[in-house]
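One structure below.
Because the structure is predicted, anything quoted here is derived from the model rather than measured. The chain is numbered in sequence order, starting from 1. These numbers come from the heavy atoms of this one structure, side chains and all, not from hydrogens, waters or symmetry mates.
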Amino acid sequence: MINEAENFDRMGLSRPSEDGEEDADDVLGADEPATILEPYSEDYTMLRTWALPSLMMVLENNTHRAYPQDLAEIGFAARVDESENTGLAEHRTVAGVLARHDASYEDAKARLQAIARNFDVDLETPATDHPTFIDGRAAEVVMDGESAGVIGEIHPEVLVEHDLELPVAGFEFRLDALE
C-alpha cells in the first residue's frame, strides 16, 4: 500500500482523473489505482500501481547509509480493471534501483540483461519517454516480443523530490514476462 503523492506526484506522473477521463500519462505506473475508502493512515490510501516508488522511498530513508546502494523487490502491484470479477487486476512486478555516484542506464541494463539471460528470455530495450526518467535515458522493457516494463536513469526532479544527491538508475517489469 502507498499514497497518491508517493505513487504519482513524487515520481513525476500525472494522476488518473477520478471521473475516468484519459488525462493521465500512458506509461508504467500511471494506471487507475484501487483506493481505500476509509484508510487507517494518510500514508496508505491506495494499492500501488508499480514498485519503483517504494524503492525510491527506501533510498530516501537510507541516506544515512553508505553508498553504493542496490535494491530490488519482487512484489504486487494493482490497478482498477472492470473486466475482472473483483474490479481489480493484480500482478507481480520486479523492480530494481542502483544508487551510486556513477549510476547509469547501462548499469541498470546490465542487471536486466543478466535476469533475462538467466531465464532464457529475449530482451529488447527500445527508447521511450517516461516522466520518471531522464529524456533520452529511458527505454521500454520488451521480453519475448511483449512490452513488460521500463528502464532508465531517474529524472533529477524525482531525485530532488526524494532528497537524493546521487544518480539513480532503475527498472521495473512484470514478473510473468519471465515465464
Report the distance from atom [atom1] of [X] to atom [atom2] of [Y], rounding to the nearest 0.5 Å.
{"X": "Ile36", "Y": "Glu42", "atom1": "CD1", "atom2": "CD", "answer": "14.0 Å"}
{"X": "Thr45", "Y": "Met1", "atom1": "OG1", "atom2": "CE", "answer": "7.5 Å"}
{"X": "Thr132", "Y": "Trp50", "atom1": "OG1", "atom2": "CH2", "answer": "3.5 Å"}
{"X": "Leu178", "Y": "Leu123", "atom1": "CG", "atom2": "CG", "answer": "10.0 Å"}
{"X": "Asp26", "Y": "Asp129", "atom1": "CG", "atom2": "CG", "answer": "12.0 Å"}

Determine the minimum heavy-atom distance between [X] and [Y], stating which atoms define it.
{"X": "Met143", "Y": "Val121", "value": "CB-CG1, 3.4 Å"}
{"X": "Asn7", "Y": "Thr49", "value": "ND2-OG1, 2.8 Å"}
{"X": "Ile2", "Y": "Ser54", "value": "CD1-OG, 4.3 Å"}
{"X": "Leu47", "Y": "Ala78", "value": "CD1-CB, 4.1 Å"}
{"X": "Ala51", "Y": "Thr93", "value": "CB-CG2, 3.7 Å"}
{"X": "Leu166", "Y": "His101", "value": "CD2-CA, 3.8 Å"}

Are [Y] and [X] connected into the same hydrophobic cluster when the rule is that any two of I, L, V, M, F, W, Y join if their side-chain heavy atoms are below 4.5 Å apart?
{"X": "Met57", "Y": "Leu98", "value": "no"}
{"X": "Val58", "Y": "Val158", "value": "yes"}
{"X": "Val150", "Y": "Leu175", "value": "no"}
{"X": "Leu55", "Y": "Met46", "value": "yes"}

Is the backbone N or O of [Y] less than 3.5 Å from a side-chain atom of [X], with the two atoms forming a donor-acceptor pair by type?
{"X": "Glu172", "Y": "Val94", "result": "no"}
{"X": "Asp144", "Y": "Asp122", "result": "yes"}
{"X": "Asn3", "Y": "Glu6", "result": "yes"}

Original post:
Mind checking whether His130 and Phe133 have parallel, tilted or perpendicular rings, split at 30° and 60°?
Top reply: perpendicular
Within the 4.5 Å heavy-atom criterion, are [X] and [Y] side-chain neighbours or not?
{"X": "Val142", "Y": "Thr125", "value": "no"}
{"X": "Met56", "Y": "Leu159", "value": "yes"}
{"X": "Arg92", "Y": "Arg174", "value": "no"}
{"X": "Val80", "Y": "Asp31", "value": "no"}
{"X": "Phe8", "Y": "Pro16", "value": "yes"}
{"X": "His162", "Y": "Val168", "value": "no"}
{"X": "Leu13", "Y": "Val27", "value": "yes"}
{"X": "Leu52", "Y": "Met11", "value": "yes"}

Hey, is [atom1] on [X] packed in by over 12 heavy atoms from elsewhere, all under 6.0 Å?
{"X": "Asp120", "atom1": "CG", "result": "no"}
{"X": "Glu84", "atom1": "CD", "result": "yes"}
{"X": "Gln113", "atom1": "CD", "result": "yes"}

**OP:** Please report the C-alpha distance between Asp70 and Val97 in whole Å, then the side-chain angles of each, then the deciding distance to 0.1 Å, and finally whether the side-chain contact (heavy atoms from CB on, under 4.5 Å) criterion is met.
**Re:** CA-CA 6 Å; Asp70 296 348; Val97 291; over 6 Å; no
Between [Y] and [X], does any NZ, NE, NH1 or NH2 come within less than 4.0 Å of an OD or OE carboxylate oxygen?
{"X": "Glu161", "Y": "Arg10", "value": "yes"}
{"X": "Asp135", "Y": "Arg137", "value": "no"}
{"X": "Glu73", "Y": "Arg48", "value": "yes"}
{"X": "Asp9", "Y": "Arg15", "value": "yes"}
{"X": "Arg100", "Y": "Asp107", "value": "no"}

**OP:** Please test Ile154 against Ile134 for side-chain contact (heavy atoms from CB on, under 4.5 Å), starting from the C-alpha separation and ending with a verdict.
**Re:** CA-CA 6 Å; Ile154 304 295; Ile134 298 172; over 6 Å; no
Original post:
Please walk me through it: do Phe171 and Ile115 pass side-chain contact (heavy atoms from CB on, under 4.5 Å)?
Top reply: CA-CA 12 Å; Phe171 61 84; Ile115 293 168; 4.1 Å; yes
Original post:
Does a donor on one side chain and an acceptor on the other come within less than 3.5 Å for Ser104 and Glu106?
Top reply: yes
Original post:
Going through the checks in order, is the side-chain contact (heavy atoms from CB on, under 4.5 Å) test met by Phe76 and His91?
Top reply: CA-CA 6 Å; Phe76 284 100; His91 65 275; over 6 Å; no
